[in-house]
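For the numbers below, each heavy atom of this structure counts, side chains included, while hydrogens, waters and symmetry mates do not. Letters A, B, ... are given to chains in the order of the sequence lines, protein chains preceding strands, and every chain is numbered from 1.
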Amino acid sequence: MFLTIDLALIIEKLVLIIVVVMASLVIAMYTTFAERKVAAILQDRRGPNRAGPFGILQPLADGLKLFFKEEIIPAFSSKALFVLGPGLAMLTAIMTSAVIPWGDKVHFFGRDISLQIADINIGILYIFGVVSLGVYGIMIGAWASNNKFSLIGGLRAASQIISYELAMGISLIALLMVTGTLSLKEMVEQQQHGYWNIVKQPLGFLIFIICAFAECNRTPFDLPEAENELIGGYHTEYSSMKLGFYLFSEYINMFISSAVMATLFFGGYDVPFFNEAAHADWGNWLALIGIVALMAKVIFFIFLFMWVRWTIPRFRYDQLMHLGWRILIPLALFNMLATGGAILFFNK
Amino acid sequence: MNLSTLLFILLSVVAVGSAIMMLLSKKPVNSILWLIVVFFSISGHYVLLNAQFLAVVNIIVYAGAIMVLFLFVVMLMNLNAETEPAKNYRLHLIGIISGGSLLLVLLSAVMTTNLQQPVMLKIGDAGLINKLGKTLFENYVLPFEISSVLFLSAMIGAVIIGKRD
């Protein structure tokens with residue numbers, strides 16, 4: 001059997017995948033820490049400060065605690081699905097990172113390496129597809145728990161995600177009409193030369209960020225785990241690291257959707273007021289500056305997620321559905337129509 | 001043997017295997033999950049044929065929307081292997097007849113294809129989104145619009161049926 005495979009390409013992509021996944025995990029780990037610190041600051045407390053200097057070893061301690069907890073699988077649950085649920089939640093959270101351009105090209109070992117795992121020309125549709133799969137992890141885990149409260153939490157999550165997916169999709173369509181491309185890489189390059197997309201699509205961004213909050217199950221949309229109504233929501237029966245996976249996938253979702261928002265609307269790895277093309281001789285340093293710029297934007301969005309969480313209380317369920325179907329979808333449709341009209345008017 | 005062929009074989013095995021598992025599963029939830037795996041492997045085939053748009057739309061529509069609905073219904077009605085009603089003899093017969101006729105159609109389609117010309121992997125841009133859009137809106141505008149009206153009427157119909165009770 002003779003295999004003709006470009007080994008160097010496979011190794012390159014494999015290394016990139018490992019780096020991106022590890023970075024996502026580490027950033028998500030420290031996001032849990034940042035969440036507690038931000039909550040503490042907003043509530044005029046100190047926050048975790050015992051493990052290590054300023055408490056920076058706290059996420060490690062939390063992880064160890066989860067690993068050493070006793071693992072309980074309910075007797076009347078379907079075991080395979082019970083284990084599959086958190087795994088799927090984690091998988092769909094990480095999968096989106098494949099199409100995000102984390103930076104410009106770098107030059108190593110005589111090869112130009114693109115800092116994007118897959119530059120497919122359907123990037124946005126891929127994101128949309130993975131987002132629509134995000135509901136499986138929660139639903140399967142909730143159903144397999146064989147618990148009423150879990151099931152209600154799971155059904156809430158599913159109907160919430162389905163409802164907000166629509167408005168999110170329509171706001172993305174308006175963005176597509178402006179940029180004329182589905183590739184995230186091309187979108188970033190367009191924004192490097194012109195204005196950021198937020199200038200062209202302010203309403204679209206507002207709709208997108210609200211839907212992103214809902215898709216990540218973040219407050220004010222955390223109905224699936226409303227603890228005063230549902231005990232613990234869809235993960236009531238979970239313990240140990242399986243519970244950790246569910247909680248952790250929420251933070252990865254937050255990180256990835258922040259990266260998507262930064263890429264789609266805020267220029268991705270573009271540094272504002274700085275002409276990248278004029279400094280092409282900087283080589284790898286230029287790519288590094290781009291990565292830092294992207295990360296700064298991502299961190300800002302993560303902070304926004306937390307800021308909102310510790311400021312705004314949870315919606316009631318009918319308010320949530322009302323906002324999704326009666327306000328956001330008509331608004332997104334209007335945005336699409338207005339964008340189409342503007343394109344027709346300005347590019348005669 | 002190159003990477004595409006290897007992937008083709010792998011995806012085919014996964015597709016056929018999980019289709020069989022879907023039929024053999026006793027629990028409806030497991031059947032649905034296997035069906036999702038089938039959709040994913042078929043999407044993989046679309047990617048191999050360079051029809052990326054079709055691949056991702058297959059995932060969004062089937063795996064992301066329709067299967068979620070299936071799962072929803074099965075979970076809400078709490079269908080299990082025990083609650084499944086016993087199938088009667090007539091239903092079996094109808095199933096055999098309709099399945100057999102579908103098999104005949106598929107067989108005739110397979111028999112008439114030209115086996116000398118194998119499927120072209122990773123080439124051809126017919127499945128790429130800009131090509132697809134141009135074809136739809138230049139050559140097939142009328143059928144496209146008619147089908148969108150059909151979708152709209154189906155949506156309105158669903159709303160009306162849902163409002164009745």
Which atoms of [X] are under 4.5 Å from chain B, going by heavy atoms: the side chain, the backbone, both sets, or neither?
X         : result
Ile162(A) : side chain
Leu125(A) : both
Ile140(A) : both

Whether Phe82(A) and Tyr238(A) hold their rings parallel, tilted or perpendicular, with breakpoints at 30° and 60°: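 Judged by the thresholds at 30° and 60°, the geometry between Phe82(A) and Tyr238(A) is parallel.
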
Under 4.5 Å from a heavy atom of chain A, the part of Asn30(B) involved: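 It is the side chain, since no backbone atom gets that close.
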
Under 4.5 Å from a heavy atom of chain A, the part of Ile36(B) involved: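 Side chain of Ile36(B) only, per the 4.5 Å heavy-atom cut-off to chain A.
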
Main-chain N/O of Asn147(A) paired to Ser145(A) side chain as donor or acceptor, under 3.5 Å: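 No: the side chain of Ser145(A) does not pair with the backbone of Asn147(A).
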
Heavy-atom donor-acceptor pair, Glu250(A) side chain to Cys216(A) backbone, under 3.5 Å: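 Here the side-chain-to-backbone pair does not exist.
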
Residue pair Thr339(A) / Gln201(A), side-chain donor-acceptor N/O under 3.5 Å: yes

Residue pair Met21(B) / Ser31(B), side-chain heavy-atom distance below 4.5 Å: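 SC-SC contact between Met21(B) and Ser31(B) ruled out.
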
